[in-house]
Amino acid sequence: MSIRLQGIGMTSSRTRERMLLRLQKQGIIDERVLDAMRHIPRHIFVDEALASRAYEDSALPIGYAQTISRPFTVAKMTEILLSSQPHSVLEIGTGSGYQTAILATTIDHVYTVERIFSLQQRARERVAELGLRNVRFKHDDGQTGWVQHAPYDAILVAAASPEIPAALLQQLAINGRLIMPTGEGTHQVLSLVVRTSDGFEQQNLSTASFVPLVHGVKR
Ligand code: SAH
């Protein structure tokens with residue numbers, strides 16, 4: 001891989017192992033998730049100035065007032081979605097592309113939508129650099145989903161909104177799972193919705209702290 005990876009190589013594999021041990025202590029048990037997080041270098045998804053902090057359990061800035069999600073959040077959301085053995089996933093809020101890469105390592109088909117074009121371009125480059133070819137990117141307002149490839153076995157939304165957008169519920173397959181932070185400001189919960197043959201079942205899993213889901217697109 002690139003020179004950039006060689007520079008921080010040794011340090012990064014050691015600190016990445018520490019991140020893995022921490023995730024296990026935090027209760028992550030799915031080997032597919034742990035393997036993906038062992039395999040995907042999180043430091044290439046943040047600016048070089050922040051690379052040494054990439055394996056800490058914290059969100060970090062990625063520009064445009066957005067953040068790369070905390071490793072535990074990425075692991076937990078992926079683990080919850082994988083429990084129903086999905087073949088396809090729609091992600092809203094590509095951001096840095098780190099969650100996208102973890103999904104692409106564990107699920108056959110990944111569709112990801114980002115409203116900020118520059119973030120999307122960088123995420124696309126990083127995912128390509130890792131040789132992951134099962135990801136389709138779209139620059140759009142993800143609140144309308146991506147109807148062309150629906151229904152999805154899993155939907156992951158990485159930004160919070162008071163209501164779950166109706167289009168996303170419509171694009172969820174029967175027995176599919178949607179995970180999304182709901183609420184406003186600091187009053188957020190991580191919600192899980194399961195689509196059944198006769199409706200939707202929603203439960204709140206934990207408190208959450210995500211950036212807001214925003215209307216419209218930006219260059
Ligand atoms: N999982 C990403 C999270 C990035 S933060 C990561 O770890 O890097 C959430 C992202 O959602 C931001 O990039 C933001 O621009 C995007 N976003 C917010 N509202 C959106 C919308 N309506 N449609 C698509 N993306 C949106």
Side-chain angles (χ1 to χ4, degrees), residues 19 23 33 36-37 40-47 50-51 53-81 89-107 110-127 129-130 132 135-150 152 154-169 171 178-185 188 190 208-219:
M19 175 181 85
L23 289 171
V33 177
M37 297 194 63
I40 301 294
R42 189 170 184 257
H43 65 267
I44 71 162
F45 291 88
V46 294
D47 275 354
L50 292 171
R53 297 185 52 202
Y55 299 97
E56 292 174 10
D57 195 22
S58 56
L60 294 169
I62 55 170
Y64 304 89
Q66 306 303 318
T67 53
I68 181 172
S69 306
R70 234 181 114 193
F72 175 70
T73 306
V74 170
K76 193 70 204 169
M77 288 173 99
T78 310
E79 188 169 74
I80 289 163
L81 292 182
V89 60
L90 173 68
E91 179 190 34
I92 307 301
T94 317
S96 67
Y98 178 68
Q99 171 80 73
T100 317
I102 299 295
L103 292 172
T105 312
T106 51
I107 300 176
V110 180
Y111 302 90
T112 186
V113 184
E114 170 58 54
R115 66 176 286 274
I116 303 177
F117 185 71
S118 317
L119 286 179
Q120 191 222 16
Q121 286 301 96
R122 254 185 279 159
R124 192 196 280 271
E125 285 164 17
R126 290 159 175 157
V127 167
E129 195 181 332
L130 293 172
L132 298 166
V135 183
R136 304 275 295 270
F137 293 85
K138 192 180 191 206
H139 176 227
D140 202 356
D141 181 340
Q143 291 178 97
T144 55
W146 193 345
V147 75
Q148 194 187 344
H149 305 289
Y152 302 94
I155 299 181
L156 185 160
V157 186
S161 151
E163 301 287 339
I164 298 174
L168 298 182
L169 292 171
Q171 290 172 33
L178 176 151
I179 192 157
M180 168 174 181
T182 54
E184 258 176 306
Q188 294 176 22
L190 194 58
S209 173
F210 283 78
V211 295
L213 194 69
V214 177
H215 287 283
V217 295
K218 183 172 153 46
R219 282 316 290 177

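Note that ligands are numbered from 1 as they come in the structure, with each ligand's atoms numbered from 1 the same way.
Applying side chain to side chain contact (heavy atoms under 4.5 Å, CB included) to Val113 and the options Thr94, Val157, Leu90 leaves one that passes, Leu90.
For Val211, every heavy-atom contact with ligand 1 shorter than 4.0 Å involves the side chain, none the backbone. At a heavy-atom distance under 4.0 Å, only side-chain atoms of Ile116, from C-beta outward, approach ligand 1. Under 4.0 Å from ligand 1, not a single heavy atom of Val74 appears. With a heavy-atom cut-off of 4.0 Å, Thr100 does not touch ligand 1 at all. The part of Gln66 lying near ligand 1 is the side chain, judged by heavy-atom distances below 4.0 Å.
The backbone N or O of Gly183 lies less than 3.5 Å from no partner atom in the side chain of Gln188, so there is not a single donor-acceptor pair. Remark: the backbone N or O of Tyr152 is not paired with any side-chain donor or acceptor of Gln171 at under 3.5 angstrom.
Between the side chains of Gln99 and Thr78, at least one donor N or O sits under 3.5 Å from an acceptor N or O.
Among protein heavy atoms, atom 11 (O) of ligand 1 sits closest to Gly93 CA, 3.2 Å. Among protein heavy atoms, atom 23 (N) of ligand 1 sits closest to Gly142 N, 2.8 Å. Of all protein heavy atoms, the one lying nearest to atom 5 (S) of ligand 1 is Thr67 O, 3.2 Å. With respect to atom 7 (O) of ligand 1, the closest heavy atom belonging to the protein is Ser69 N, 2.8 Å. Nearest protein neighbour of atom 8 (O) of ligand 1, counting heavy atoms only, is Ser96 OG, 2.7 Å. For atom 13 (O) of ligand 1, the closest non-hydrogen atom of the protein is Glu114 OE1, 2.8 Å. For atom 26 (C) of ligand 1, the nearest protein heavy atom (residue, atom name, distance) is Arg115 CG, 3.6 Å.
Taking the ring centre of Phe117 as origin, the terminal cationic atom of Arg219 falls inside the region bounded by 6.0 Å and 45° from the ring axis.
Proximity to Gly95 (heavy-atom distance under 4.0 Å) selects the following atoms of ligand 1: 4 (C), 8 (O), 13 (O). Close contacts between ligand 1 and Leu119 involve ligand atoms 13 (O) [criterion: under 4.0 Å to a heavy atom]. Taking a cut-off of under 4.0 Å to the non-hydrogen atoms of Asp140, the atoms of ligand 1 that pass are 23 (N), 24 (C). Per-residue contacts place Thr94 under 4.0 angstrom from the following atoms of ligand 1 (heavy atoms of the residue considered): 2 (C), 8 (O). Ligand 1 places these atoms under 4.0 Å from at least one heavy atom of Gln99: 1 (N). Which parts of ligand 1 touch Ile68 is read off a 4.0 Å heavy-atom cut-off, strictly below it: atoms 6 (C), 7 (O), 8 (O). Per-residue contacts place Val113 under 4.0 angstrom from the following atoms of ligand 1 (heavy atoms of the residue considered): 24 (C), 25 (N).
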message: For a side-chain contact (heavy atoms from CB on, under 4.5 Å) check, start with the C-alpha distance between Arg70 and Ser209, then their side-chain angles and the critical distance, and finish with the verdict.
response: CA-CA 10 Å; Arg70 234 181 114 193; Ser209 173; over 6 Å; no

- request: Apply the test side-chain contact (heavy atoms from CB on, under 4.5 Å) to residues Thr105 and Leu130: give CA-CA distance (whole Å), side-chain angles for both, the deciding distance (0.1 Å), then the verdict.
  value: CA-CA 10 Å; Thr105 312; Leu130 293 172; over 6 Å; no

message: Would Arg122 and Glu125 count as a salt bridge (Lys or Arg N to Asp or Glu O under 4.0 Å) here? Give the steps.
response: CA-CA 5 Å; Arg122 254 185 279 159; Glu125 285 164 17; over 6 Å; no

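Considering Gly63, Ala123, Ala158 only, the shortest heavy-atom separation from atom 9 (C) of ligand 1 involves Ala158. Considering only non-hydrogen atoms, atom 21 (C) of ligand 1 lies nearest to Val214 out of Val217, Val214, Val157.
Note: Tyr98 and Phe45 have perpendicular aromatic rings, judged against thresholds of 30 and 60 degrees for the angle between ring planes.
By the 4.5 Å heavy-atom criterion applied to side chains, Val46 and Arg53 are not counted as neighbours. With a 4.5 Å cut-off on side-chain heavy atoms, Leu132 and Val110 do not count as touching. For the pair Arg42/Leu60, a side-chain contact is recorded, criterion being any heavy-atom separation below 4.5 Å from C-beta on.
The distance criterion of under 3.5 Å between nitrogen or oxygen atoms is not met by Tyr98 with respect to ligand 1. Residue Asp141 has at least one nitrogen or oxygen atom sitting less than 3.5 Å from a nitrogen or oxygen atom of ligand 1, judged on distance alone.
Rounding to the nearest 0.5 Å places OH of Tyr55 at 4.5 Å from NE2 of His43. Annotation: the span from Asp47 atom CG to Ser96 atom OG amounts to 11.0 Å, rounded to 0.5 Å.
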